[in-house]
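Remarks on the structure that follows.
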Amino acid sequence: MQLSEIGEFGLIRRIERLCRHKAEGLILGIGDDSAVIKGLSGFVLITSDVLIEGVHFDLRYTTPQQLGHKALAVNISDIFAMGGRPRFFLLDIGIPHGFDPRDVEDIYRGLNGLARRYDVSVIGGDTSLSRKGLLLCGTLIGESERPIRRSGAGIGDGIFVTGTVGDSAMGLELLKRGYRARGSRSRRIKAHHLRKLIKRHLTPEPVMLSRTDDVTSMIDISDGLLMDLGHLCDGSNVGALIYKDRIPLSEELRCVASALKKDPYAYALGGGEDYHLLFTSPSRDREDGVRIGEIIKRGRYIIDETGRRIPFKAEGYEHFKIRASKR
Ligand code: ADP
Ligand code: MG
């Protein structure tokens with residue numbers, strides 16, 4: 001099917017039919033010149049993220065459904081990283097010539113699956129022809145009683161991460177090497193490890209803290225643990241000390257890195273798009289985070305397994321640089 005057969009407005013009507021989830025506070029969704037919402041409490045949070053074909057994704061190994069999921073997931077992660085609740089989503093889409101409108105509907109199917117689970121309404125967007133490549137730009141509106149910034153980390157606070165890091169970067173590396181979640185056979189790599197890592201890259205699941213009363217600063221890991229920790233330190237004007245052996249690595253990452261003769265920490269510290277949360281708190285323990293280090297007055301260091309203090313830069317610790325496996 002061609003877009004020219006149903007036209008822009010035919011496509012928007014199809015999109016509208018797919019976006020039926022009406023969250024509380026939605027007065028008017030898709031169909032008028034603007035959406036109308038009410039009832040946001042506290043502070044309003046607004047964030048947007050763009051996904052460009054050939055820069056952020058490759059249609060040879062991403063399905064339209066997975067793309068739709070990711071376009072919303074990365075935005076939800078930004079709202080969660082502010083301690084907020086996601087509410088209303090808009091998606092602008094640039095469609096290249098020859099792109100099947102049914103694939104556009106699939107983008108919305110992937111999007112809606114996640115939107116329902118997080119009680120987010122898709123309330124609008126814009127549709128245009130693109131001269132080259134598919135483009136998705138998502139904007140998410142959320143709310144929070146107390147937005148948590150990058151700037152509140154205090155000296156002595158613990159540094160916590162909500163889960164294993166490096167899986168997404170390894171998933172991307174596998175995709176680039178030609179492995180697929182289904183149908184790839186390998187003697188070196190177990191099929192379920194492959195599936196799990198690729199899934200972590202293509203359809204990340206946003207992570208939310210169960211409580212934020214004792215959280216002093218927070219950021220989601222999109223650029224890589226060291227880079228995002230660097231952003232947090234810049235924002236708070238402090239330093240950080242992290243312990244290499246406390247960084248959570250998945251079994252899948254360890255096994256696949258070993259099969260490929262790669263250092264798993266290169267992915268865990270330098271790889272991006274984990275969408276786990278990195279946060280600081282004066283509390284000793286947090287049930288939903290692993291304590292990987294402390295905030296110090298100045299300087300940024302990793303303590304390695306031999307107890308050596310190795311400085312790292314925000315751009316990535318020399319050893320752990322793997323820009324190649326980023327997009
Ligand atoms: P206008 O020309 O007044 O901006 P449009 O024709 O672009 O209006 O859009 C009509 C309605 O359809 C609006 O409510 C808009 O938010 C919605 N819409 C357009 N494109 C999309 C899209 N890709 N996803 C979701 N809603 C869309
Ligand atoms: Mg418009």
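Rounded to the nearest 0.5 angstrom, Ile219 CD1 and Ser151 OG are separated by 11.0 Å. With rounding to the nearest 0.5 Å, the separation of CZ in Phe160 from CZ in Arg286 is 7.5 Å.
Applying the 6.0 Å contact sphere to NZ of Lys132 captures no more than 12 heavy atoms from other residues, nucleotides or ligands.
Here the side chain of Thr212 pairs no donor or acceptor atom with the backbone of Val215 at under 3.5 angstrom. Not a single donor-acceptor pair under 3.5 Å links the side chain of Asn112 to the backbone N or O of Ala115. Without hydrogens or angle criteria, Glu53 side chain to Gly133 main chain gives no donor-acceptor distance under 3.5 Å. The backbone N or O of Leu174 lies less than 3.5 Å from no partner atom in the side chain of Arg180, so there is not a single donor-acceptor pair. Looking only at distances, a side-chain donor or acceptor of Ser236 sits under 3.5 Å from a matching main-chain atom of Arg150. No donor-acceptor distance shorter than 3.5 angstrom exists from the side chain of Glu252 to the backbone of Leu197, with no hydrogens or angles considered. Remark: side-chain polar atoms of Lys70 are not paired, donor with acceptor, to backbone N or O of Leu51 under 3.5 angstrom. No side-chain donor-acceptor contact under 3.5 Å links Thr62 to the backbone of Leu67. With Asp78 contributing its side chain and Thr47 its backbone, the two residues share no donor-acceptor pair below 3.5 Å. Within the 3.5 Å criterion, the main-chain N or O of Arg146 finds a donor-acceptor partner in the side chain of Ser144.
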Ser281 vs Asp157, side-chain hydrogen bond (donor to acceptor under 3.5 Å, both in side chains): CA-CA, chis, key distance, verdict: CA-CA 5 Å; Ser281 167; Asp157 284 356; over 6 Å; no

Where do Leu209 and Phe279 land on the side chain to side chain contact (heavy atoms under 4.5 Å, CB included) test, with the steps shown first? CA-CA 10 Å; Leu209 293 186; Phe279 64 97; 3.7 Å; yes

Check against side-chain hydrogen bond (donor to acceptor under 3.5 Å, both in side chains), Asp304 and Thr306: CA-CA 5 Å; Asp304 76 4; Thr306 67; 2.8 Å; yes

Go through it in stages, so that I can follow the logic: the residues are Asp228 and His231, the test is side-chain hydrogen bond (donor to acceptor under 3.5 Å, both in side chains), and I'd like the CA-CA distance, side-chain angles, deciding distance and then a yes or no. CA-CA 5 Å; Asp228 288 314; His231 292 149; 3.2 Å; yes

Quick one: do Tyr179 and Tyr61 satisfy ring-ring contact (aromatic ring centres under 6.0 Å, His included)? Show the steps, please. CA-CA 9 Å; Tyr179 291 99; Tyr61 52 65; over 10 Å; no

Could you walk me through whether Lys196 and Glu251 pass the salt bridge (charged side-chain N to carboxylate O under 4.0 Å, His left out) test, one step at a time? CA-CA 10 Å; Lys196 171 92 178 286; Glu251 177 66 16; over 6 Å; no

Could you walk me through whether Glu173 and Tyr267 pass the side-chain hydrogen bond (donor to acceptor under 3.5 Å, both in side chains) test, one step at a time? CA-CA 10 Å; Glu173 165 98 37; Tyr267 298 86; 3.1 Å; yes

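Arg300 has a carboxylate O that lies under 4.0 Å from a charged side-chain N of Asp234, or vice versa, which qualifies the two as a salt bridge.
Residues meeting the salt bridge (Lys or Arg N to Asp or Glu O under 4.0 Å) test with Arg60, sequence neighbours left out: Asp58.
Under the 4.5 angstrom side-chain criterion for Ile, Leu, Val, Met, Phe, Trp and Tyr, the cluster partners of Ile303 are Leu241, Tyr243, Ile296, Tyr301.
Looking at His276 and Thr162, their side chains do bring a donor and an acceptor atom within 3.5 Å of each other.
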